[in-house]
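Treat the numbers as computed from the prediction; the structure is a model and nothing was measured.
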Amino acid sequence: MVGEEKGSVGISRDVVTAIAGIAVSEIDGIANLGQGDSSFRRGEGMKRYVDTSVEGDVVTVTVRITVLYGNPIHKVAKQVQTRIKAEIERMTGLRVSAVNVDVQRLVQADEAEDEGGEECDSSED
């Protein structure tokens, strides 16, 4: 009787998006994306930068980032992919089929602080 399932568990797309956004925020080399942000934007604002698709138990994620100059872009992007995949799978039990990273800008650290990421906010293509 211990192994019987009693009901079901559903995980909202917003929850998966939040997990992905928080995972990205913990990676070095990514510029601030909003005025006053100390890291990758969290909360409702992060939905501008993280798109998720959940079909059954399979997740696809697309994240748009700005990389700080001096950080190897391929290394930062790979860390984003690895971290998002690991965190979503660990926390939800869902399978991540793809993590697409769209590097939209490369900025110097002082430029990112001066602008507060305003250009990133309006760069929806």
> Rounded to the nearest 0.5 Å, how far apart are NZ of Lys85 and CG of Leu94?
Replying inline: 11.5 Å
> Can you tell me how far OG1 of Thr62 sits from CG of Asn100, rounded to the nearest 0.5 angstrom?
Replying inline: 4.0 Å
>> Keeping Glu89 on the side-chain end and Val96 on the backbone end, is there a donor-acceptor pair under 3.5 Å?
In response: yes
> Can you list the residues that meet the side-chain contact (heavy atoms from CB on, under 4.5 Å) rule with Ala86, with sequence neighbours excluded?
Replying inline: none
> Taking only residues two or more places apart in sequence or in another chain, which ones pass side chain to side chain donor-acceptor pair (under 3.5 Å) with Glu87?
Replying inline: Arg90
>> Using side-chain contact (heavy atoms from CB on, under 4.5 Å), reason through Ile19 and Thr92 one step at a time and then give a plain yes or no.
In response: CA-CA 9 Å; Ile19 293 168; Thr92 67; 3.7 Å; yes
> Ignoring hydrogens and geometry, is there a side-chain-to-backbone donor-acceptor pair from Arg64 to Arg48 under 3.5 Å?
Replying inline: yes
> At their closest point, which heavy atom of Ala20 faces which heavy atom of Val50, and how far apart are they?
Replying inline: CB-CG1, 3.8 Å
>> Quick one, Ile30 with Val24, criterion side-chain contact (heavy atoms from CB on, under 4.5 Å). Give me CA distance, side-chain angles, the key distance, then yes/no.
In response: CA-CA 8 Å; Ile30 296 177; Val24 170; 3.6 Å; yes
>> To check you understand the geometry: which heavy-atom pair defines the closest contact between Val54 and Gly56, and what is its length?
In response: CG1-O, 3.8 Å
> Which residues satisfy the side chain to side chain donor-acceptor pair (under 3.5 Å) test with Ser53, sequence neighbours excluded?
Replying inline: none
>> Do Thr17 and Val15 have side chains that approach each other closer than 4.5 Å (heavy atoms only, starting at C-beta)?
In response: no
> Who are the side-chain contact (heavy atoms from CB on, under 4.5 Å) partners of Ser8, not counting sequence neighbours?
Replying inline: none
> Can Ile27 and Arg83 be said to form a side-chain contact (heavy atoms from CB on, under 4.5 Å), step by step?
Replying inline: CA-CA 8 Å; Ile27 295 171; Arg83 184 66 180 251; 3.8 Å; yes
> Pairs in or reaching into residues 67-81: which pass side-chain hydrogen bond (donor to acceptor under 3.5 Å, both in side chains), with residues at least two apart or in two chains?
Replying inline: none
> What residues form a side-chain contact (heavy atoms from CB on, under 4.5 Å) with Val58, not counting sequence neighbours?
Replying inline: Arg95, Ser97
>> When you compare the side chain of Leu106 with that of Thr66, does any pair of heavy atoms fall below 4.5 Å?
In response: no
>> For the CD1 atom of Ile88 and the OG1 atom of Thr60, what is their distance to the nearest 0.5 Å?
In response: 9.5 Å
>> Quick one, Ile65 and Val80 - any side-chain contact, counting heavy atoms below 4.5 Å?
In response: yes
> Residues in side chain to side chain donor-acceptor pair (under 3.5 Å) with Thr82, at least two apart?
Replying inline: none
